Amino acid sequence: IIDCPKLVTDLGVAYDGKLNFSTHIAKIAAKAHRRASLIQRCFVSRNTHSLLTAFNVYVRPQLEYCSVVWSPHLKKDIELIEKVQRRFTKRLPGMKNLTYELRLAKLKLDSLELRRIRADLIWTYKLIFGQLHIDSKAFCRLIGYQANESVLPACCLSVCLSVVCLSVKACIPAKRR
């Protein structure tokens, strides 16, 4: 009998046998918090633009890498990721007493949740319209309301998701070498 691993890491994304990404999200949030704190401590300048640039270069990619794969659906995971940016922006000069939404507006930033949704939509568009090197028929199919027309406007299309895997354990790849 082959034992199923409790946690699998593939291309830097950790998940368990039930495709739960909470462990991965906790790890990247902790790492992002450490990086954000390091930026706050190491920069002598309190220039908001410089601090934000450092955050966008060193912290945000950590929180957005492969987010299309692990995008959280649990409220606790969404809040854990958003807390990194929330805490960083609060520690910027002149931002302490503002709400998170006002800080984002003043700094011209989007929430991390909005950025993940945008990434999901872009990936879905590319999948549906054949811009990825993936057989989109394995994931979804388009259903038109006017079947007799060869080209349908986007408003007349629906996406029907196909069942890709019936057994999650069969979908988990072997550990890469």
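Here the structure is a predicted model, which means the values were calculated and not measured.
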For the hydrophobic clusters of this structure (ILVMFWY residues joined by side-chain heavy atoms under 4.5 Å, transitively), does one cluster hold both Leu19 and Val13?
yes
For the residue pair Val84 and Arg35, establish whether any side-chain heavy-atom pair is separated by less than 4.5 Å.
no
Give me each pair satisfying salt bridge (Lys or Arg N to Asp or Glu O under 4.0 Å) with a member in residues 88-108, each pair once, sequence neighbours excluded.
none
Which residues satisfy the side-chain hydrogen bond (donor to acceptor under 3.5 Å, both in side chains) test with Tyr100, sequence neighbours excluded?
Glu82, Gln85
Shared hydrophobic cluster, Ile128 / Tyr125 (ILVMFWY, side-chain heavy atoms < 4.5 Å)
yes
Looking at residues at least two apart in the chain, or sitting in another chain, which of them share a side-chain hydrogen bond (donor to acceptor under 3.5 Å, both in side chains) with Gln40?
Arg46
Hits for side-chain hydrogen bond (donor to acceptor under 3.5 Å, both in side chains) against Arg118, two or more places apart or cross-chain, chain-then-number order -> Asp110
Pairs involving residues 23-54, ordered by first then second residue, that meet ring-ring contact (aromatic ring centres under 6.0 Å, His included) (sequence neighbours left out)
His24-Trp70
Can you sort out the partners of Arg115 under side-chain hydrogen bond (donor to acceptor under 3.5 Å, both in side chains), two or more places apart, ordered by chain and number?
Glu64
Provide the closest heavy-atom pair for Asn56 versus Pro61 in the form atom of the first, atom of the second, distance.
O-CD, 3.2 Å
Any chance you could measure Leu127, atom CG, to Asp120, atom CG, to the nearest 0.5 Å?
12.0 Å
The side chain to side chain contact (heavy atoms under 4.5 Å, CB included) partners of Leu107 (sequence neighbours excluded) come to Thr48, Leu52, Thr89, Leu92, Met95, Leu109
Reported CG-to-NZ distance for the pair Leu63 and Lys31, which is rounded to 0.5 angstrom:
11.0 Å
Remaining members of Leu121's ILVMFWY cluster at a side-chain heavy-atom cut-off under 4.5 Å?
Ile117
Is there a side-chain contact between Ile25 and Ile81 (heavy atoms, below 4.5 Å)?
yes
Provide the full list of ring-ring contact (aromatic ring centres under 6.0 Å, His included) pairs with a residue in residues 75-98, sequence neighbours left out, each pair given once.
Phe55-Phe88
By side chain to side chain contact (heavy atoms under 4.5 Å, CB included), which residues pair with Lys76, not counting sequence neighbours?
Ser22, Leu74
Could you list the residues that satisfy side chain to side chain contact (heavy atoms under 4.5 Å, CB included) with Ala26, not counting sequence neighbours?
Leu80
Connected via hydrophobic side-chain network under 4.5 Å: Tyr65 and Val57
yes
